[in-house]
Undergrad: 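To start, I am sharing the structure in question, which I have written as structure tokens.
In this text the structure is predicted, and so the values were computed from the model without any measurement. Counting starts at 1 for both ligands and their atoms, following the listed order.
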Amino acid sequence: MAGEKHTPVGYDDTPVLPGQPWRVHDSKRPQPRVVAPGDGAGAPSDATVLFDGSDTSGWVNKEGGPIGWTVENGYMQVEPKTGNISSKAEFGDCQLHIEFAVPKEVKGSSQGRGNSGIFLMGLYEVQVLDGYDNPTYADGLTGAIYGQFPPLVNACRKPGEWQAYDILFVAPRYQDDKLVSPAYLTVILNGVMLHHHKAAHGPTGHKNLSSYDPAHGPKGPLMLQDHGDLVRFRKIWMREFGDYDDKA
Ligand code: MG
């Protein structure tokens, strides 16, 4: 079109970025992969959907069999005494989205009220609890890296309301069974940051100190806890981390 200004798509005469093979605004630098964002809390196009509201074929109970949890109305709900459930898919570094609701009818107190848990790699628990006006020990509150770090703030919604976790998890690294770097967790609950790149002391324990010894593998399942309370989960999806300049 007459008079239209041509804008170059990158440059080839700019300085090389320190530690990178690319120039500033490099015209040859690969384009990021295209990912279609989800609709609202929907899964992005490159996510692994772990639970879509009805299909539990990607989950197993402790014995490796079908899960005993209740599935209805787009969510699954803990069926007490049927045990924890784990995804068949295993992950290391990942972005996790998961929504939960604790029972609307308040029963019990402290750790006995709306308790469940989200275990990254089956080992590192981000606590699920009814933490709305429910006194308990701080490192056991909703969003705690359980038994290690309380959430920075209490961002719980009221009992019965759906709440959303977005978690960035960096798996620990071992070399020859020696820890090289710990697990790191960034946790956002209902749009509010609870932890930023927090180093865990090791896999989650109860009433004890955690340790990275013995070493564990580089990947593990997502595990959800049966703590005996009727906690519901929905919209569970996971994305593994890519790297800069991955091929489209
Ligand atoms: Mg728990």
Side-chain angles (χ1 to χ4, degrees), residues 50-51 59-62 67-70 75-87 91 94 96-167 169 183 185-190 192 194-195 198 200-211 216 220-236 238:
L50 298 175
F51 179 62
W59 296 83
V60 289
N61 64 16
K62 272 181 176 164
I67 68 170
W69 291 18
T70 305
Y75 59 77
M76 55 180 171
Q77 177 175 296
V78 173
E79 183 62 35
K81 297 199 165 51
T82 64
N84 301 343
I85 65 170
S86 296
S87 67
F91 303 86
C94 64
L96 171 68
H97 178 90
I98 182 166
E99 301 185 8
F100 71 94
V102 298
K104 188 170 182 177
E105 188 195 339
V106 173
K107 272 199 338 213
S109 62
S110 184
Q111 295 292 303
R113 181 172 146 188
N115 196 334
S116 182
I118 296 163
F119 286 73
L120 284 301
M121 301 185 80
L123 295 170
Y124 299 87
E125 184 183 16
V126 174
Q127 173 69 314
V128 171
L129 191 79
D130 180 0
Y132 188 87
D133 196 17
N134 176 25
T136 189
Y137 47 86
D139 66 16
L141 184 61
T142 319
I145 299 171
Y146 185 79
Q148 301 182 19
F149 297 100
L152 289 169
V153 295
N154 181 340
C156 292
R157 295 193 200 280
K158 291 179 179 166
E161 295 183 9
W162 283 102
Q163 313 197 53
Y165 269 127
D166 289 287
I167 298 172
F169 179 77
L185 294 102
T186 298
V187 179
I188 295 171
L189 175 63
N190 303 323
V192 179
L194 306 186
H195 304 280
K198 194 69 195 164
H201 289 170
T204 299
H206 180 57
K207 296 174 77 174
N208 60 7
L209 291 176
S210 180
S211 165
H216 59 72
L222 179 69
M223 187 175 82
L224 303 178
Q225 187 182 40
D226 170 9
H227 202 283
D229 295 330
L230 304 177
V231 177
R232 296 170 179 176
F233 292 96
R234 70 177 186 186
K235 297 182 182 173
I236 310 174
M238 183 93 83

Undergrad: Any sub-3.5 Å donor-acceptor pair from Asn154's side-chain atoms to Gly131's backbone N or O?
TA: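 Here the side-chain-to-backbone pair exists.
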
Undergrad: How close do Arg113 and Tyr132 get, heavy atom to heavy atom, and via which atoms?
TA: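 Nearest pair, atom of Arg113 first, then Tyr132: NH2-O, 2.7 Å.
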
Undergrad: Sort by chain and number the protein N/O/S atoms found under 2.8 Å from the Mg ion (ligand 1).
TA: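 Counting only protein N, O or S atoms under 2.8 Å from the Mg ion (ligand 1), the list reads Asn115 OD1, Ser116 O, Glu125 OE2, Gln127 OE1, Gln225 OE1.
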
Undergrad: What orientation do His201 and Phe149 show, parallel under 30°, tilted 30 to 60°, or perpendicular over 60°?
TA: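 His201 vs Phe149 ring planes: perpendicular.
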
Undergrad: Does Phe119 have any ring pair (Phe, Tyr, Trp, His ring centres under 6.0 Å) partners at least two apart in sequence or in another chain, and if so, which?
TA: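 Scan of Phe119 (ring pair (Phe, Tyr, Trp, His ring centres under 6.0 Å), adjacent residues dropped) gives none.
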
Undergrad: For Thr142, which of Leu189, Val128, Leu194 qualifies under side-chain contact (heavy atoms from CB on, under 4.5 Å)?
TA: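 For Thr142, the side-chain contact (heavy atoms from CB on, under 4.5 Å) check succeeds only for Leu189.
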
Undergrad: Parallel, tilted or perpendicular: which one describes the rings of Phe233 and Trp69, with boundaries at 30° and 60°?
TA: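 It falls in the parallel class, under 30°.
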
